[in-house]
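Working notes, structure below.
Everything numeric in this text was worked out from a predicted model, so none of it was measured. For ligands, and for the atoms within them, numbers begin at 1 and follow the listed sequence. Each residue takes its place number in the sequence, starting with 1.
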Amino acid sequence: MSSLRRHLLPALVLVAVAALSVPVLGSDAPEQMTPLLLSVPDAPVPFNGTDGRTHLIYELAMTNFSSGEIVPENVEVLGDGVVLQTLDAASIASRLQPAGQREAAVSLGKSTQAFLFLNVVLSPGATIPQQLTHRVTARASAAPSGHQEITETGGSFTIDRQPVVVIGPPLQGSGYISADSCCDATRHTRAALPIDGRVWISQRMAVDWEQLDTQDRIYSGPREKFDSYTIFGKPVLAVADATVVDAIDGQPEQTPGRYPAGISLIQADGNAVILDLGQHRYALYAHMQPGSIRVHKGDRVTRGQVLGLVGNTGNTIAPHLHFQVMDGPSSFSSNGLPYEIDSFQVTGKTPGTSAFDEAEAKGTPLAVMPVSPPQNAKDALPLDQLIISFSQR
Ligand SMILES: [Zn+2]
C-alpha cells in the first residue's frame, strides 16, 4: 500500500460515508464508499407456485456500516442486468426486519443489520436469469450534507438451479388451509434463527395445515378441547418413499388456545418425524399426537404411508400439521427449501391471515371465496391461505 493510501484511509473513516469516489491505481472504476453492505446468504431455488408463476424467495442481508441511520428508499432486483422487480419505500418498510426482531422497520439504525425479505415473481414463460443483483438507493444520515443520497449495487449471486423436489400430499381429504405458507406471510418465511454460529431459516417454505369443517370452521365446540378441531387426529402421510432420520414421541398435548410456556427449542416441534427424501432434501412433520408416531429412526417408508396423527404438541396454539422441506436433517439449523406437490386441487381462498387468525381464535366460519371450478394444480407449491383438497394416488 502506498503511503498516500495509508493516509487516505483514516481520512475516509473520519468522513464516514461521504459519497467519495477515489481513483484506484490500475483500475478505471472509482472506489465508492458503500456504508450499506449487501449480501445474500442463501441463493434461492426457483419453484412453481399455485399462481402459475416462478418465485424466488430469499433474504438480502443489509449491514449499516456507519454511525448514522440509513433509510433504504428504493430497491431494484436485477436479473442478468434487467430490472425484475422494484420495491418502493413502503414495500421495503413492510419487508425489512432488523436482526433478532419479528417486526418490520423503515430503516437500519447505526451499526445494525437487517434482512430484506424478497419474493421475486417472474412473469409466466419468462426465462429464469442466472445472476441476480440489487441496486439500492438510500439516505445515509452520517454522510455530509449534500451527499446523503447514496446508490449502491450489491448482493450479487447465482441462482441455485438444483431441481425442486416433487412430492405427494402430507394429508388426505378436503378443506385443508395452507396457513402461513409462502411467500409474504411472515411467521415462517421470516423465522430467522441464529444457531451454532449462523442464521438459518429452515421454515422459509413451511405450511401450517389447518382444516375446515362443512361450515368452514377450524373448530366447533370448546376451544380448549383437541377434538373440537377439524384436523385433530387426521393421518399424516409420507410424501415420498423415504428413510426416517428422526421420530420423536412422548411429548404431551398442549392446551389449545394459547402458546405453552417454557418450551425449549428442542421441544418446539413436539412429536415429530423427519424423513430423508434423498439428494439433501428432508421433510419435517411437527406437532403430532403423543403415542401416534408409527415409524422409527432408520425405517424405510413408502409414499402415502401413515406416519402418525395430527395433534397439538410442542410450541403450538391449535392442533395443526407443520410441514416443511429443508436441506439438512435438523429442523432448525438447516436451510428451508421449496418443494412442489405433484397433484392437488385448489377449491377456495381465505380472505387472508387476519381472517384466518380470527377464525382460529373464535371458531367462527371463515369467509371462504370458492375457486370454481376447482383449480387442478400440478407440480406446484401451495401458496398462502388457499383451501386445498388432496387425494392419494
Ligand atoms: Zn408452523
Side-chain angles (χ1 to χ4, degrees), residues 57 97 102 117 167 169-171 176-193 195 200-212 218-219 226 229-232 234 236-237 239 246 248 251 253-261 263-275 282-289 292-293 307-339 341 350 352-361 381-388 390:
I57 306 301
Q97 204 168 285
R102 293 307 303 263
F117 291 89
I167 58 175
L171 294 155
Y176 288 105
I177 309 168
S178 53
D180 292 310
S181 183
C182 190
C183 305
D184 296 320
T186 60
R187 288 173 191 148
H188 290 139
T189 312
R190 302 188 188 182
L193 296 173
I195 300 169
W200 301 98
I201 309 184
S202 67
Q203 304 184 20
R204 190 181 281 115
M205 307 287 172
V207 177
D208 283 342
W209 290 104
E210 270 293 359
Q211 191 180 23
L212 295 174
I218 294 168
Y219 68 90
F226 314 123
Y229 290 77
T230 316
I231 200 169
F232 187 76
K234 294 292 159 67
V236 172
L237 309 177
V239 293
D246 214 350
I248 301 156
Q251 291 207 58
E253 296 281 21
Q254 303 293 342
T255 304
R258 56 184 158 84
Y259 280 102
I263 292 277
S264 69
L265 187 65
I266 214 96
Q267 298 168 317
D269 292 335
N271 301 316
V273 172
I274 296 175
L275 299 182
Y282 298 83
L284 166 71
Y285 306 76
H287 312 307
M288 285 188 271
Q289 290 184 16
S292 78
I293 309 282
L307 305 174
L309 304 177
V310 175
N312 193 50
T313 57
N315 190 34
T316 166
I317 195 169
H320 71 284
L321 174 66
H322 171 106
F323 178 81
Q324 71 188 40
V325 173
M326 57 217 177
D327 69 357
S330 162
S331 59
F332 294 103
S333 55
S334 62
N335 186 32
L337 290 174
Y339 57 89
I341 298 179
T350 85
T353 298
S354 33
F356 171 87
D357 287 348
E358 188 179 331
E360 191 178 60
L381 187 139
L383 298 182
D384 192 32
Q385 294 292 338
L386 301 177
I387 313 297
I388 304 263
F390 292 121

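- Side-chain N or O atoms of Tyr282 include none that pairs as donor or acceptor with a backbone N or O of Ser331 at under 3.5 Å.
- Remark: at the Zn ion (ligand 1), atom NE2 from His188 and atom ND1 from His322 enclose 100°, rounded to the nearest 10 degrees.
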Discussion item. Quick one, Val236 with Val310, criterion side chain to side chain contact (heavy atoms under 4.5 Å, CB included). Give me CA distance, side-chain angles, the key distance, then yes/no.
Written reply: CA-CA 6 Å; Val236 172; Val310 175; 3.7 Å; yes
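- For residue His320, no N/O/S atom approaches the Zn ion (ligand 1) to within less than 2.8 Å.
- His287 lies apart from the Zn ion (ligand 1) in this respect, since none of its N, O or S atoms is found at a distance under 2.8 Å.
- A donor-acceptor pair under 3.5 Å is formed between the side chain of Ser178 and the backbone N or O of Leu386.
- Ring geometry for Trp209 versus Tyr176: interplanar angle over 60°, hence perpendicular rather than tilted (30 to 60°).
- Asp208 lies close to the Zn ion (ligand 1), since one of its N, O or S atoms is found at a distance under 2.8 Å.
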